[in-house]
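Data first, discussion second: the structure below is written as structure tokens.
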Number of protein chains: 2
Amino acid sequence: MARPRTPLLSRERIVVTALRLIDDEGLDALSTRRLATELSVSGPSLYNHFATKDELLDAVVDSVIGEVDLSMFGPVRAAGPAGAAGSSGALGPAGAVAAAGEAWTPWPEALRDWARSYRAALAAHPNIVPVLAQGPGRRPNALRLADAVFGHLVEAGWPRGQATRIGALMRYFVTGSALASFAAGFPADAEVYDAADYPHLGEAHRLAGHRGTVDEGAFETGLEALLDGLALRFERLAPRP
Amino acid sequence: MARPRTPLLSRERIVVTALRLIDDEGLDALSTRRLATELSVSGPSLYNHFATKDELLDAVVDSVIGEVDLSMFGPVRAAGPAGAAGSSGALGPAGAVAAAGEAWTPWPEALRDWARSYRAALAAHPNIVPVLAQGPGRRPNALRLADAVFGHLVEAGWPRGQATRIGALMRYFVTGSALASFAAGFPADAEVYDAADYPHLGEAHRLAGHRGTVDEGAFETGLEALLDGLALRFERLAPRP
DNA sequence: ACCTGAACACCGTTCAAGT
DNA sequence: ACCTGAACACCGTTCAAGT
């Protein structure tokens, strides 16, 4: 067949199919040959659209990050020619509000909403989290996310150094919670938990059955604890009369 | 040569060499053939000691978890015939103290010390964290860790459901922080951070250079925030007069 | 019991060849 | 420009053969 008049593949079709394969069968199931079969082409065809498998994985990861809601951090900058509506010079909340006519969300609330959306996006595709957790790299959506969080915290009054740390620690917590289910990590087989070896794990075999609620509860508890702890720190920073 | 009179391999030698390979060259560099070469044997020899590569990886992971300090949670139960000194039935701190003659560490302090040791052990081998984060499975050291944390929290007065969530959220945070450096995830190349696209990331190219302090600072900030937030919750739970 | 080489069904990637 | 088959240097694992 050689070259068809209308291309059989596109980057988007490849990315979507790769993500589905990773979701359904795990990261190890994604081989270039298997993916090509899934797309009804031969293996090397993929190299017309991605230079390496790593570049393909990068695109898959960024498509997942793109699902994270960032609207709580203020006006979304257009992907096209930026700068026109740019509030890049804004030094505080007042500036952002004035520029966009949008309500400015207090940082704890914004952080909470964002963390939930972030976790939801990642938890929908847990098998790819180890790749994504390696950092933003040069992926546009990941950089946009980092920019939005950092910018909002600084505009809210956090010193830049602290804002960096908060961005980091929030990512630690969210990626850690999305990487794997805590509950499902404990085998459902009761015989694993010999009372002589593990005196407190007598009920651990039930965890996997309550996977959803356990993990969700742990995430929410941790998120609230983090925000409470950060609020204490923020008050110490800028004491209110 | 066939079978030598003294075995060329042992599980421990294989595990140690595998971990070194993973640390030095990444998880992908660990192939059974490459590992065998490193051990001066042929590939299939490994299968006399581990049934599969996954079983080998499990052993490597558990050896890393074994480095985590659990002494702050009280007397270490002997690996041999347990039960003799067993405080398995202890319902509170007083019981543990009496049984072992050891000081009982308040839960926030114990949790802090443990989290630091946990992170240090994992951060020393970041390339294997994705494997380890999948949960304790049937690995003895991982189960021992879960047992110690949960047991201590319950003895400290946390309801069992809350204790489970705290164990989970602490693991989220620690594994997330050890999985990858936040700072190193941002390319050191300043040209990545176009001001039109990412107005707040103008200094992000400097992050990688301060990798150690940024990640350490973020971990410590997050840990203190978590503990502060949990302390608030604990007070609400059992209000002091 | 513990090691070997040969073999099987896989990998990621390159490249010349086709339209 | 975009697809193909053939080829290269790899994989994890099985198995019969050796001592």
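The figures that follow rest on heavy atoms only: side chains count, while hydrogens, waters and symmetry mates do not. Each chain gets a letter, A, B and so on, in the order its sequence line appears, and its residues count up from 1. Only a predicted model underlies this, so the values are computations on that prediction, with no experimental measurement involved.
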Sugar-phosphate, base or nothing in reach of A/T32, heavy atoms under 4.0 Å: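 Base contact.
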Sugar-phosphate, base or nothing in reach of A/L30, heavy atoms under 4.0 Å: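 Answer is sugar-phosphate: A/L30 comes under 4.0 Å of backbone atoms only.
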In whole Å, I'd like the distance from the [atom1] atom of [X] to the [atom2] atom of [N].
X	N	atom1	atom2	value
A/L8	D/dA1	CG	P	17 Å
B/R33	C/dA7	CZ	P	13 Å
B/Y47	C/dA1	OH	P	20 Å
B/N48	C/dT4	CG	P	9 Å
A/K53	D/dC11	NZ	P	14 Å
A/R5	D/dC2	CZ	C1'	14 Å
A/E55	C/dG12	CD	C1'	14 Å
A/L57	C/dG12	CG	P	10 Å

Selection from D/dT4, D/dA1, D/dT13 that lies nearest to any side-chain heavy atom of B/T52: D/dT13
Proximal nucleotide (of C/dC3, D/dC2, D/dT19) relative to the B/R3 side chain: D/dT19
Watson-Crick/G-U partner (both atom distances under 3.5 Å) of D/dC8: C/dG12
Base-pairing mate for D/dG18 - Watson-Crick or G-U, with both contacts under 3.5 Å: C/dC2
Polar contact flag, side-chain donor to acceptor under 3.5 angstrom, A/Y172-B/D215: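 Note: A/Y172 and B/D215 side chains meet the donor-acceptor criterion.
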Residues B/S71 and B/D69: side-chain donor-acceptor under 3.5 angstrom: yes
Carboxylate-amine/guanidinium contact B/E55 B/R11, below 4.0 Å: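 A salt bridge is present here (some side-chain N lies under 4.0 Å from a carboxylate O).
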Basic-acidic side-chain contact under 4.0 Å: A/E220, A/R116: yes
I want to check one thing: is the phosphate of [N], taken as OP1 and OP2, less than 4.0 Å away from some side-chain N or O of [X]?
X	N	answer
A/S45	D/dT4	yes
A/S42	D/dC3	no
A/H49	D/dC3	yes

Geometric cation-pi criterion, B/R171 with A/F182: 6.0 Å, 45°: no
